[in-house]
Amino acid sequence: MRRRLQLAMVVLALSAFVGGCGGGDDDDEGATATTAAAATSSTAPPTTEVQGLASVFKPVSGYKFVELPPAILDDMTSELTSDPEFNDVVEDVQARSVTQDDEGVGIVMAMRLDAKYAALPGVEQGIVDEFAETAVSTRTVSTSGGNITVATDADGTVFLVWVKGTLVIMVIGPDETSLLPVARGLVTANS
């Protein structure tokens, strides 16, 4: 399941950049900036509140979150849900393009894991280790909200991954320097 997830995220990130959905300034395809929603709590929400995952995308100074075109979201969902194991452990996935000065920086993906799965020993570390296993370089960045794993693949794609309880946040793109402030802001806001 984790390899399929990683592959889907790479496809999503590349599709977003190639498809030109990172700009945020042309408003075609219904792209609109995402605003902050309700504050998150320190405990996992009940399954009936899964749609609240959009609240993960809290404002980060200097950056905007932009809705992805429906075709890209449909492709991502189709790829991810084609794996039955994924369907058993993930309750919801949300993704946004992230821009800075109306230029695409990367993709942010947030997942809410099934609470029973997330409570199993070693799940958080297992997700992080999966990214490190296929990367050419990895390191850990400490933040006030926890550690972020920075993994760079052979093609230069950078994954910043943070897992805490039922929430997984991934920031994906080609430039760690632009991605790290986004990841730090989201991790701090969602701790």
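Numbers here simply count residues along the sequence, with the first being 1.
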Just verifying a value: how many Å separate [X] [atom1] and [Y] [atom2], rounded to the nearest 0.5 Å?
| X | Y | atom1 | atom2 | answer |
| --- | --- | --- | --- | --- |
| Arg112 | Thr166 | CZ | OG1 | 4.5 Å |
| Trp162 | Leu186 | CH2 | CG | 9.5 Å |
| Ile169 | Lys164 | CD1 | NZ | 11.0 Å |
| Glu91 | Met111 | CD | CE | 11.5 Å |
| Ile172 | Ile107 | CD1 | CD1 | 7.0 Å |

Practice task
Would you please test Thr177 and Leu180 for side chain to side chain contact (heavy atoms under 4.5 Å, CB included) and show each step?
Solution key: CA-CA 6 Å; Thr177 304; Leu180 194 53; over 6 Å; no

Practice task
Take Leu120 and Val123 through the side chain to side chain contact (heavy atoms under 4.5 Å, CB included) test and state the conclusion after the steps.
Solution key: CA-CA 6 Å; Leu120 294 172; Val123 167; 3.6 Å; yes

Handout entry: Closest heavy-atom pair and its distance - Leu179, Gly106
Key =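 Of all heavy-atom pairs spanning Leu179 and Gly106, the closest is CD2-CA, 4.1 Å.
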
Practice task
Measure across Arg184 and Ile148 and return the closest heavy-atom pair with its distance rounded to 0.1 Å.
Solution key: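 For Arg184 and Ile148, the tightest heavy-atom pair comes out as N-CD1, 4.0 Å.
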
Exercise for the section: Evaluate side chain to side chain contact (heavy atoms under 4.5 Å, CB included) for Val60 paired with Phe65, printing each intermediate quantity in order. Expected result: CA-CA 9 Å; Val60 175; Phe65 296 110; 4.2 Å; yes

Handout entry: Ring-face cation contact, Phe57 with Arg96, 6.0 Å cut, 45° max
Key =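 Yes, Arg96 sits over the ring of Phe57.
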
Exercise for the section: Verify, without hydrogens or angle tests, whether Thr157 (side chain) and Asp153 (backbone) share a donor-acceptor contact under 3.5 angstrom. Expected result: no

Exercise for the section: Give a yes or no answer on whether the side chain of Asp101 reaches the backbone of Glu103 with a donor-acceptor pair at less than 3.5 Å. Expected result: no

Got a sec, which residues hit side-chain hydrogen bond (donor to acceptor under 3.5 Å, both in side chains) with [X], two or more places apart in sequence or on another chain?
| X | value |
| --- | --- |
| Ser178 | Asp175 |
| Ser142 | Asn147 |
| Thr140 | none |
| Asp129 | Gln125 |

Exercise for the section: With sequence neighbours excluded, tell me which residues meet side-chain contact (heavy atoms from CB on, under 4.5 Å) with Val163. Expected result: Glu124, Ile127, Val128, Val161, Val168

Exercise for the section: Could you check Asp88 against Asp114 for side chain to side chain contact (heavy atoms under 4.5 Å, CB included), going step by step and ending with a plain yes or no? Expected result: CA-CA 8 Å; Asp88 290 341; Asp114 174 77; over 6 Å; no

